[in-house]
Student: 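Let me give you the structure first, and then I'll get to my questions.
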Amino acid sequence: MPVSLRAGVRPEDRIAVRRLVASTGFFSPSEEEIAVELVDDALSKGEVASGYRFIFAEDAGQPVGYVCFGPIAGTRGSHDLYWIVVDDTRRGRGVGRALEQACAEAVRRLGGRRIYVDTSSRDQYSPTRAFYAACGYREAARLDGFYADDDGKVIFVKSLD
Ligand SMILES: CC(C)(COP(=O)(O)OP(=O)(O)OC[C@H]1O[C@@H](n2cnc3c(N)ncnc32)[C@H](O)[C@@H]1OP(=O)(O)O)[C@@H](O)C(=O)NCCC(=O)NCCS
């Protein structure tokens, strides 16, 4: 895999995150804004205080994907995987799997026991659901009509025990 992994977020990642999220064609402009807001929060408060940790996959110093995750307040060992995105031109070549593995290792080191991730039930997200299953997640719940009448929320969980 011709990419290297780098933990931690930097000011220049703001632009990279916007570019990566937009490249997928999966997310609305408001979702794009939310992705950048998490970067801003981590940059201004620090990753620990904000609760948003980042790992980037880079090729020749250029981000080609990233994962954002953090502990869920009020739980013992539950973490959320908030975003995982691979540049559209680099999908299907192991970058996402490498990012998810690095995320799971980081959560384990932090004493985490479980990782939760939400996604959509729409057909467009069927490869995303297949990706989570391939990374060891199982479907824990399905909330029909959550995002819209025809768009449910699927919650996946991976146990690190
Ligand atoms: C989901 C995503 C992060 C996966 O990253 P990726 O680099 O494309 O995935 P990988 O190449 O590491 O694939 C790992 C495994 O997932 C499964 N998988 C990946 N893409 C798949 C697809 N299109 N269809 C079916 N299974 C797929 C495969 O089992 C694959 O293993 P294999 O290549 O050994 O068969 C990436 O495709 C992406 O950014 N998608 C759009 C945005 C998105 O949905 N993000 C998640 C919601 S926040």
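Counting convention: from 1, in listed order, for ligands and their atoms alike.
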Student: Can a protein heavy atom be found under 4.0 Å away from atom 35 (O) of ligand 1?
Tutor: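 Under the 4.0 Å cut-off, atom 35 (O) of ligand 1 has no protein heavy-atom neighbours at all.
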Student: Within ligand 1, which atoms have a heavy atom of G96 less than 4.0 Å away?
Tutor: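 Ligand 1 atoms under the 4.0 Å threshold to G96: 5 (O), 6 (P), 7 (O), 12 (O).
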Student: Only one of E31, E12, E32 passes salt bridge (charged side-chain N to carboxylate O under 4.0 Å, His left out) with R18; say which it is.
Tutor: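 Result for salt bridge (charged side-chain N to carboxylate O under 4.0 Å, His left out) with R18: E32.
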Student: Output the list of atoms in ligand 1 that are nearer than 4.0 Å to some heavy atom of V85, sorted by atom number.
Tutor: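 Checking each atom against V85, I get 39 (O).
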Student: When you measure from atom 10 (P) of ligand 1 to each heavy atom in S120, G94, A130, A98, which option holds the nearest one?
Tutor: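 Closest candidate by heavy-atom distance is G94.
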Student: Look up atom CD1 in I84 and atom SG in C103, then write down how far apart they are to the nearest 0.5 Å.
Tutor: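 If I round to the nearest 0.5 Å, the distance is 7.0 Å.
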Student: Relative to the heavy atoms of T128, which atoms of ligand 1 are at a distance of less than 4.0 Å?
Tutor: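 Counting atoms of ligand 1 from 1, those under 4.0 Å from T128 are 43 (C), 44 (O), 46 (C).
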Student: With a distance cut-off below 6.0 Å to the six-membered ring centre and an angular limit of 45° from the axis, does R53 pair with F69 as a cation-pi contact?
Tutor: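 Judged by the rule (NZ or CZ under 6.0 Å from the ring centre, within 45° of its axis), R53 is not positioned above F69.
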Student: State yes or no: are the ring centers of W83 and F54 separated by less than 6.0 Å?
Tutor: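 Not under 6.0 Å, so no.
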Student: Under 4.0 Å from a heavy atom of R93: give me the atoms of ligand 1 that qualify, with their elements.
Tutor: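 Atoms satisfying the 4.0 Å criterion: 11 (O).
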Student: Of the listed options (A134, P127, C68), which comes nearest to atom 24 (N) of ligand 1 when hydrogens are ignored and any heavy atom counts?
Tutor: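 Result: the heavy atom closest to atom 24 (N) of ligand 1 is in P127.
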Student: Which residue is it: Y137, Y132, Y116? I am looking for the one with a ring pair (Phe, Tyr, Trp, His ring centres under 6.0 Å) to F156.
Tutor: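 Passing option: Y132.
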Student: Flag atom 31 (O) of ligand 1 as yes if some protein heavy-atom distance to it falls below 4.0 Å, otherwise no.
Tutor: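 Yes, at least one protein heavy atom sits under 4.0 Å from atom 31 (O) of ligand 1.
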Student: Can you tell me if R6 uses its side chain to pair, donor with acceptor, with the backbone of G8 under 3.5 Å?
Tutor: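 Yes, the answer is positive, given that a donor and an acceptor are paired below the 3.5 Å cut-off.
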